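Beneath this line is the structure, given in structure tokens, with notes to follow.
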Amino acid sequence: MAHQDGGWRDRLEAGRARVALGLRALGRAAADLLMPPLAHDSPEATASAGLTPDAWSRVAFLEDPVCDGCGAGFEMDGGVFAAPRCAACLAQPYAFARARAACVYDEASRGLILKFKHGDHQPFAPLFARWLSRSAAPLLDEADAVVPVPLHRFRLLSRRFNQAAEIARPLARGAGLDYLPDALVRQTHTTSQGGKSARGRRLNVRKAFAVSEEGRRRVRGRRILLVDDVLTTGATAEACARALIEAGARAVDLAVIARVRTARELPT
């Protein structure tokens with residue numbers, strides 16, 4: 001009898017939860033009708049908060065097949081016998097094991113990212129996190145924790161927020177992974193990577209990153225998903241990955257909003 005009573009109560013609670021969910025959805029629909037959500041890239045209203053149809057159509061999202069090492073899109077699907085990595089990654093692998101990007105870094109995506117990065121337009125953060133939850137799904141499935149690429153405190157003061165951290169936080173929460181915002185620290189205030197050659201970028205960040213004492217304890221033996229905004233030469237991500245691996249991380253993967261299509265000369 002007690003078992004039957006318990007089952008009745010469970011069904012009642014489940015019914016209440018469904019009603020509450022339906023009422024919340026109805027409330028959101030009514031609010032949208034009275035005050036429609038705005039697109040992040042425009043003051044015009046949209047069906048749901050995000051991008052206007054024009055901006056959305058111009059973003060070149062990266063779909064499989066992509067290189068497992070750097071996330072670059074392959075021009076064609078080579079089938080089951082094709083190499084999983086591009087020639088550059090086969091010849092000289094990155095320090096990070098795998099990478100995924102949501103889209104190509106070009107004229108369409110660059111304006112959105114720069115508005116987020118330098119325009120203090122933080123509503124882009126959950127949108128970009130949703131993009132990464134899709135493009136980096138294979139990496140999230142195997143990750144133990146998520147770590148954002150850090151900013152030096154001087155740059156953080158001027159920018160007021162770390163764009164990588166703003167993406168990494170909802171990404172980790174949505175995937176049910178540990179979020180470690182302070183595991184990596186930027187110990188030197190480097191100049192901007194923009195306009196530098198590949199070698200210049202590597203030299204600029206070679207000793208820029210370190211793992212905190214608490215970070216060492218939390219990354220040791222774990223597979224880390226590193227999050228940043230843009231991948232060009234990979235110098236920053238490599239420096240971060242090396243620091244994490246030296247601190248005992250089992251492996252490091254990389255997820256970024258965008259990456260240059262093929263060559264690595266487009267400045268960020």
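Here the structure is a predicted model, which is why all the values come from computation and not from measurement.
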Open item on the list: Which residue is it: Val256, Asp229, Ile113? I am looking for the one with a side chain to side chain contact (heavy atoms under 4.5 Å, CB included) to Phe128.
Closed with: Ile113
Open item on the list: Here's a test for you: under side chain to side chain contact (heavy atoms under 4.5 Å, CB included), which of Leu112, Leu127, Val230, Ile167 qualifies with Ile257?
Closed with: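 Of all the options given, the one that passes is Ile167.
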State plainly whether the residues [X] and [Y] are in salt-bridge range, i.e. N to O under 4.0 Å.
| X | Y | value |
| --- | --- | --- |
| Arg110 | Asp106 | no |
| Arg223 | Asp144 | no |
| Glu63 | Arg134 | yes |
| Glu238 | Arg242 | yes |
| Arg100 | Asp253 | no |
| Arg58 | Glu107 | no |

TODO: Let me see the working for Arg259 and Leu62 under side-chain contact (heavy atoms from CB on, under 4.5 Å), right down to the final yes or no.
DONE: CA-CA 9 Å; Arg259 58 150 294 133; Leu62 284 163; 3.8 Å; yes
- [ ] Kindly write out the residues that satisfy side chain to side chain contact (heavy atoms under 4.5 Å, CB included) with Asp182, not counting sequence neighbours, or none if the list is empty.
- [x]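 For Asp182 there are no side chain to side chain contact (heavy atoms under 4.5 Å, CB included) partners, ignoring immediate neighbours.
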Open item on the list: Which residues pass the side chain to side chain contact (heavy atoms under 4.5 Å, CB included) test with Arg217, not counting sequence neighbours?
Closed with: Glu214
Open item on the list: Any non-hydrogen side-chain atom of Thr236 less than 4.5 Å from a side-chain atom of Val149?
Closed with: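 Yes - at least one pair of side-chain heavy atoms lies under 4.5 Å apart.
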